Amino acid sequence: MTDSIAREQAVRRVRELLAPRGPLCALIETFGCQQNEADSDKLRGLLIEMGYRMTDDREQADFIVLNTCAVREHAELRVLGVVGALKALKDRKPDLVIAVCGCMMQQEHRVREIKTKYRHVDIVFGAGLYHRLPELLKTVLEERRREITLADNTVEILEDLPTARRPGVRGDVTVMYGCDNYCSYCIVPYVRGRERSRAPGRVLGEVRELAAAGTREIMLLGQNVNSYGHDLAQPCSFAQLLRQVCEVPGDFWVRFMTSHPKDASHELFETMAQCKKIAPQLHLPVQSGSDRVLEAMNRRYTAAQYLALVDDLRALMPDIALSSDIIVGFPGESEGEFRETLALIERVRFDNLYTFAYSPRAGTRAAALPDQLSPGEKERRLQALMRAQEKISRERNEALVGSVQRVLVEGASKRDKSTLAGRTAGGKLVHFAGPARENTFVDVKILSAATWALTGVIIE
C-alpha cells in the first residue's frame, strides 16, 4: 500500500471515529525555524482534512501538536516546559490527545525522556514523518495506546500533502530538505537527514498558486538553498530556479534562506541583481571571524573568502541588506579569535545579526571538544557582540532617513495599534501612519530611525 493511500484511509477512519464527538479543535505550537513553520502548514492541512477546526487556545483544544526544534538546548527546554505544563490540562480533559513531533524527536535521548517522564504524551514522531499523523492518530483513537515512531532520514519527499497556510502576507515554499554539510556544532543533518531537492515543477506550482492568490512575499526555504538541485536527475542550480520563479506572473517579492557561504556563487549574485522580484536582502551566516574556529566548525571557507563574497555581492548590489549568524564561545575560542569576529562585523557592517552563545548538541563533534568555555564567558562575549552590532544597525538605519522605501503592509503595528507596520524590500521594519490595506505595497518616506525599526509616512 502506498503512503498516500494509507494516509487517505486513515483520514477517513479518523473522521468516522471523531464524528460522534461533534466539532473538535486542534492546536499546533511551532518552535524553531521557518522550515518548521512550513512543516506546520502541512500538519495543519492534515488536521483540517481529518475534521478538526484550528484554535489558538489550549483550553479549547482536543488535540495539541508541538512541532519541535533541536538546534539549541534552550529551544528543547522550552518544549519540555510546555509538555510538562500540559499534564494538568490532560488530567482535566482525559480525551485530549497530545503529540510531540519534529526535529527534537529525532534524538533518541529526548524520545526516551518523553516516553518515561511525560507519559501523558500520546504520539511521538520525528521530522519527515508528518504524513503519518493520520495513521498514528487512528491507532491512538482505536487502540488507546501510545504511538512512538522515528524517521530513518532516508524518506523520500512526499508531495501533494494538504497545506493550510497561516494568514499573512508571506507564503513559504520549501525547495529542499536536509543538509549535507555536517558543521561540527550542528544537529540538523542528524535530525533532518541528507539533502533532497524538490523538482522545479513542484516548486513552481506552489509559487504560481501563491502568486495567483495575491501573496506579496514568497519565501523559498531550505537548510542550504545554494546546494539546491545537485541531486536531481536533471540538475538545476538554485540561481536557475530563482530565474524561473521570477518569471511567474504577479507583483511579489522573492526571498530565500538559508545560504551557506561555501556554495554562494557569482551566478547567484548576478541573478539577484538582475531579477527585480528578488528582494535586495541576503542572510549569509558567517558564524565566526576566526579561520581556526571556522575550520573547527567545519565551515569550509576562510574569513577572507567570506569577505570576498561580500565584496562581490556589493559590487553588483551596493544597497543589499545583509544579515548573518554568529556563534560566540565555540570550544577553544580565544579572546583574540573573538576579537577577529568583532573586526569582521565592523568590516562587513551587517544590517542585522542573529547572535548565539555556543550550545553543545549531543551527538555532534563539537560537543566532545576540549576547552568548553564557561557560561559566564560566553555571555560576556555575546553581550559585547550585541553592543557592537546594535551601533552598526542603528547607523545603517539612520542612513535611510529621508529616502522613500517601497513597503509591504503587514497590518497594525505591535507597538501602536493606531499605526501600521510593514517591511521594506531590504527587510527593515517600518512603522507608519495609514491609511493602507494589509498585503499591499505603499511608498513610505522615512522620517526617523532606531536600532531595529524605521518610522515614516505614506506618500502619494
Side-chain angles (χ1 to χ4, degrees), residues 31-33 69-81 104 181-188 257-258 260-261 283-307 310 321-398 427 429 449-453:
F31 301 79
C33 67
C69 174
V71 171
R72 291 172 186 84
E73 184 180 25
H74 176 69
E76 296 187 353
L77 294 179
R78 281 183 59 214
V79 171
L80 293 176
M104 181 173 156
N181 289 304
Y182 290 92
C183 300
S184 65
Y185 54 83
C186 186
I187 196 67
V188 168
M257 65 184 308
T258 297
H260 196 300
H283 184 68
L284 193 64
V286 63
Q287 305 299 2
S288 174
S290 161
D291 287 347
R292 189 204 65 80
V293 173
L294 288 171
E295 183 177 7
M297 288 178 166
N298 193 36
R299 292 293 288 176
R300 288 177 276 179
Y301 54 84
T302 65
Q305 289 169 332
Y306 183 91
L307 292 173
V310 171
L322 275 176
S323 60
S324 193
D325 295 341
I326 287 183
I327 298 172
V328 301
F330 187 80
E333 180 190 62
S334 68
E335 181 65 21
E337 288 165 341
F338 171 63
R339 294 290 167 187
E340 290 182 273
T341 297
L342 290 177
L344 184 140
I345 71 164
E346 292 289 350
R347 161 77 160 75
V348 175
R349 296 184 62 78
F350 294 104
D351 290 80
N352 191 23
L353 271 187
Y354 297 88
T355 57
F356 309 94
Y358 169 72
S359 173
R361 301 282 73 210
T364 62
R365 282 178 288 163
L369 289 176
D371 301 322
Q372 301 278 338
L373 275 67
S374 69
E377 180 58 26
K378 287 190 283 189
E379 180 63 21
R380 182 189 70 80
R381 294 181 185 182
L382 183 64
Q383 292 300 319
L385 179 67
M386 290 169 64
R387 286 194 298 271
Q389 180 56 43
E390 285 171 4
K391 179 176 181 293
I392 296 170
S393 293
R394 187 179 188 96
E395 291 170 353
R396 297 281 292 176
N397 279 354
E398 287 173 344
L429 176 63
T451 303
W452 307 123

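On a predicted model such as this, the values are computed, not experimentally measured, just so you know. Starting from 1, each residue takes its place in the sequence as its number.
- In this structure, CD on Glu390 lies 10.5 Å from CG on Leu353, to the nearest 0.5 angstrom.
- Between atom OG1 of residue Thr355 and atom CZ of residue Arg381 there is a gap of 14.5 Å, rounded to the nearest 0.5 Å.
- Annotation: side chain to side chain donor-acceptor pair (under 3.5 Å) contacts of Arg72 (sequence neighbours excluded): none.
- Rounding to the nearest 0.5 Å gives a distance of 15.5 Å between CG of Leu382 and OH of Tyr358.
- Between Glu335 and Arg380, at least one side-chain N (NZ, or NE/NH1/NH2) sits under 4.0 Å from a carboxylate O, which counts as a salt bridge.
- For the side chain to side chain donor-acceptor pair (under 3.5 Å) test, residues two or more places apart in sequence or in another chain that qualify with Glu76 are Gln107, Arg110, Arg361.
- By the side chain to side chain donor-acceptor pair (under 3.5 Å) test, Thr258 pairs with no residue at all, sequence neighbours left out.
- Applying the side chain to side chain donor-acceptor pair (under 3.5 Å) test to Tyr306 and every residue at least two apart in sequence or in another chain returns nothing.
- Inspection of the His283 and Asn352 side chains reveals no N or O donor paired with an N or O acceptor under 3.5 Å.
- For residues 288-301, the salt bridge (charged side-chain N to carboxylate O under 4.0 Å, His left out) pairs, not counting sequence neighbours, are Arg292-Glu337.
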Residues Val328, Thr341; criterion side chain to side chain contact (heavy atoms under 4.5 Å, CB included); working and verdict = CA-CA 9 Å; Val328 301; Thr341 297; 5.5 Å; no
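- A distance of 5.0 Å separates CG of Leu344 from CG of Leu307, quoted to the nearest 0.5 Å.
- Within 6.0 Å of the OH atom in Tyr354, the count of heavy atoms belonging to other residues, nucleotides or ligands does not exceed 12.
- Note: Leu385 CG to Ile345 CD1 = 5.0 Å, rounded to the nearest 0.5 Å.
- Shown here are the side-chain contact (heavy atoms from CB on, under 4.5 Å) partners of Leu369, two or more places apart in sequence or in another chain: Phe330, Pro331, Ala366, Gln372.
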